[in-house]
Amino acid sequence: MKFPQFSMLPFLMVVVMLSLSGTTLSHPHWDFLHCLSLRLANYSTISKVIYMQNNPSYSSVLNASIHNTRFSTPATPKPFAIITPLKTSHVRSTLYCSKKHGFQLRIRSGGHDVEGLSYVSEVPFVILDLLNFRAIKVDTKNEVAWVQSGATLGELYYAIAAKTNTLAFPAGMCHTVGAGGHFSGGGYGTLFRKYGLAADNIIDARMIDVNGRILDRKSMGEDVFWAIRGGGGNTFGIVLAWKIKLVPVPAVVTVFTVNKNLEQNATKIFHRWQYIAHKLPDDLFMNVWITKVNSSQVGMKTVQATFRGMLLGGVDELITLIQDKFPELGLAEENCNEMSWIESVLYFGGLPLQSVDILLDKNALPTLSLKAKSDYVKEPIPESGIEGLMSMFLEEEADNAVAMIPAFGGKMDDIPENELPYPHRAGNLFEATYIVQWTKEENAESRKYISWNRRLYSYMTPYVSKSPREAYVNYRDLDLGINNNDYTSYEQASIWGFKYFKNNFKRLVQVKTKVDPMNFFRNEQSIPPLLSPWKKKGN
Ligand code: FDA
């Protein structure tokens, strides 16, 4: 173990910590705290970095980055402590003490993990919350930026736009998503047909490995650098920061929205869209959202397909393009709006366009309970298949459900499947993410919503990718399979691993075996080493 020696702090410090917690602690908890308090410099640091369950701020720190209230119930397992490091040495100390005293570590950046894996575990655990690692340095001259993992996408976009209106970054659409988890799983948004995933535009990183070494791209080596750009979080190490390549955008882009419900031929228009959207120029992003809405007939519901998109260009060019390639949409000038790229971030994030400052507000949108599942589609779905999909949205459980369907193609077709762990490239017409939401108060009825989502997924089986049925790791779905708590096998992990990563799963396992053979960094869907420690011991 190559950690630096810290000067021993008075034992009193630990006693203070324990009296702060107000709890009687078992040995491992006590030992962990003792270990950590010895390594942190002073009382004031300890009080800013360690949150025990009896600390009055524990719940607010825990809940501040919970973005799925399905995992915010009294029954949800809670961390024994939340550690919010102020500097790198605090991260290393947390890692060291968690390892030494047998606590699982859950790394949290934005806290958007759809299955709550960054803040829930069935075994005793500690959250390493990177909420103080949010610095962003934008260098417009070299068109790069360093972004710390705890920064949100909103903070990143804001920092870029504060310096220039002709550079951007191709990442996701929800402004409260964290860089740490998002980049670790790929990450796509309105610029991905032009520039690929967020992960495709990462050029360096700063990571702490399981032995506490601080590594950059050169010292971690190309295999590890490959794995952390899409192989899923909490697996290869703690990524502190990422160096990203900024991409050019015009000063004016054009966004549009066209709504078509069942009475307005939504089924036929969506059917046609499947043949066209992936072939459109890569300057154009287009997304279809399917939701239940009020019908024009009082008291009745219908299903709406919302066609929303963005062209890296002006309104005239957009209208000419769509009238030529996709006249069925009936796009008109009143559906379109010219704006800056940063305003388009607000538009796609469902935020008011008045002030970009809202991008810094993590609570700008309500937090709900949700379950997500994802698919990739390679052949157009027949009209009869779309009719069935639409009719499922008329069911009672789908009041707050959406199928989000972004067209693929463009740059995504040009990047080989094995370039990064994210393998879903050429040949995909679109991805479909099915999300069902409900309020925290309805958590007792979550089963009915989740089962609707599972029925929808099952209904889609004939129309989506097969062998494997591919899925997007950033829309994590534990229905696809999980690792055991104590050990995990390659075979077991393969069930979900090939769905997320296709053949790249094998290389991810090799990298994991090399960098973390004892499988310290783990969760229900982390990549396992080839021979799990359990098997090595011959148990
Ligand atoms: P969180 O902190 O929960 O981390 C996710 C995973 O990464 C966890 O396993 C965690 O332990 C690990 N991790 C986090 N930080 C790490 C670090 N520094 N080092 C190592 N491991 C780390 N996706 C997309 O591509 N485009 C989109 O537009 C959206 N939009 C969207 C909206 C909403 C409302 C949700 C809930 C989700 C999305 N996503 C998305 C999916 C999103 O990209 C995915 O959930 C990310 O993993 C979230 O990253 P966070 O850092 O926020 O989560």
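We count ligands from 1, going down the list as the structure has it; atoms in each ligand are counted the same way.
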Q.
Show the nearest heavy-atom pair for residues Ile228 and Ala205, with the distance to one decimal.
A.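 Ile228 and Ala205 have their closest heavy atoms at CD1-CB, 3.8 Å.
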Q: Mind listing the closest non-hydrogen atom pair of Leu478 and Lys371 along with its distance?
A: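 Heavy atoms only, the tightest pair is N-NZ, 4.0 Å.
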Q: Considering only NZ, NE, NH1 and NH2 on the basic side and carboxylate oxygens on the acidic side, decide whether Arg425 and Asp413 come within less than 4.0 Å.
A: no
Is the closest N or O pair between [X] and ligand 1 shorter than 3.5 Å?
| X | result |
| --- | --- |
| Gly172 | no |
| Val239 | yes |
| Ala179 | no |
| Ile107 | yes |
| Ser184 | no |
| Leu117 | no |

Is it the case that [X] and [Y] place a side-chain donor and acceptor less than 3.5 Å from each other?
| X | Y | value |
| --- | --- | --- |
| Thr176 | His112 | yes |
| Tyr157 | Thr152 | no |
| Asp216 | Ser219 | yes |

Proximity of [X] and [Y] rings by center, below 6.0 Å:
| X | Y | result |
| --- | --- | --- |
| Tyr51 | Tyr58 | no |
| Phe192 | Phe408 | yes |
| Phe307 | Phe270 | no |
| Phe430 | Tyr376 | no |

Identify, for [atom], the protein heavy atom at the shortest distance, and state residue, atom and that distance.
| atom | answer |
| --- | --- |
| atom 8 (C) of ligand 1 | Asp113 OD2, 3.5 Å |
| atom 15 (N) of ligand 1 | Ser109 OG, 2.7 Å |
| atom 3 (O) of ligand 1 | Ser118 OG, 2.6 Å |
| atom 48 (C) of ligand 1 | His112 CB, 3.6 Å |
| atom 29 (C) of ligand 1 | Tyr475 OH, 3.1 Å |
| atom 47 (O) of ligand 1 | Asn474 OD1, 3.1 Å |
| atom 21 (N) of ligand 1 | Asn234 N, 2.9 Å |
| atom 1 (P) of ligand 1 | Gly111 N, 3.3 Å |

Verify, without hydrogens or angle tests, whether [X] (side chain) and [Y] (backbone) share a donor-acceptor contact under 3.5 angstrom.
| X | Y | result |
| --- | --- | --- |
| Ser465 | Val377 | no |
| Glu419 | Pro416 | no |
| Arg106 | Val120 | yes |
| Asn504 | Pro421 | yes |

Distance filter under 4.0 Å to [X] heavy atoms, resulting ligand 1 atoms:
| X | answer |
| --- | --- |
| Gly237 | 19 (N), 20 (C) |
| Ser149 | 18 (N) |
| Leu130 | 18 (N) |
| Asn523 | 9 (O) |
| Gly187 | 25 (O) |
| Met173 | 27 (C), 28 (O) |
| Arg108 | 2 (O) |
| Gly233 | 7 (O), 12 (C), 21 (N) |

Is there a heavy atom in [X] that sits closer than 4.0 Å to ligand 1?
| X | answer |
| --- | --- |
| Gly232 | no |
| Gly189 | no |
| Phe133 | no |

(Q) Tell me the contacting part of Tyr119 for ligand 1: side chain, backbone, both, or neither, using a 4.0 Å heavy-atom threshold, strictly below. (A) neither
Q) Just heavy atoms, cut-off under 4.0 Å: does Phe236 contact ligand 1 by side chain, backbone, both, or neither? A) neither
Q: Going by heavy-atom distance to atom 32 (C) of ligand 1, choose the closest among Gly181, Cys174, Ala241.
A: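 Among Gly181, Cys174, Ala241, the closest heavy atom to atom 32 (C) of ligand 1 belongs to Cys174.
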Q. When you measure from atom 49 (O) of ligand 1 to each heavy atom in Arg106, His182, His175, Arg476, which option holds the nearest one?
A.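 Shortest heavy-atom distance from atom 49 (O) of ligand 1: His182.
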Q. In a check of salt bridge (Lys or Arg N to Asp or Glu O under 4.0 Å) between Glu470 and each of Lys378, Lys499, Lys373, which one passes?
A.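 The option that passes is Lys378.
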Q: For a ring-ring contact (aromatic ring centres under 6.0 Å, His included) with Tyr422, tell me which candidate from Tyr472, Tyr500, Phe501, Phe505 qualifies.
A: Tyr472
Q.
Can you tell me if Lys448 has over 12 outside heavy atoms packed within less than 6.0 Å of its NZ?
A. yes
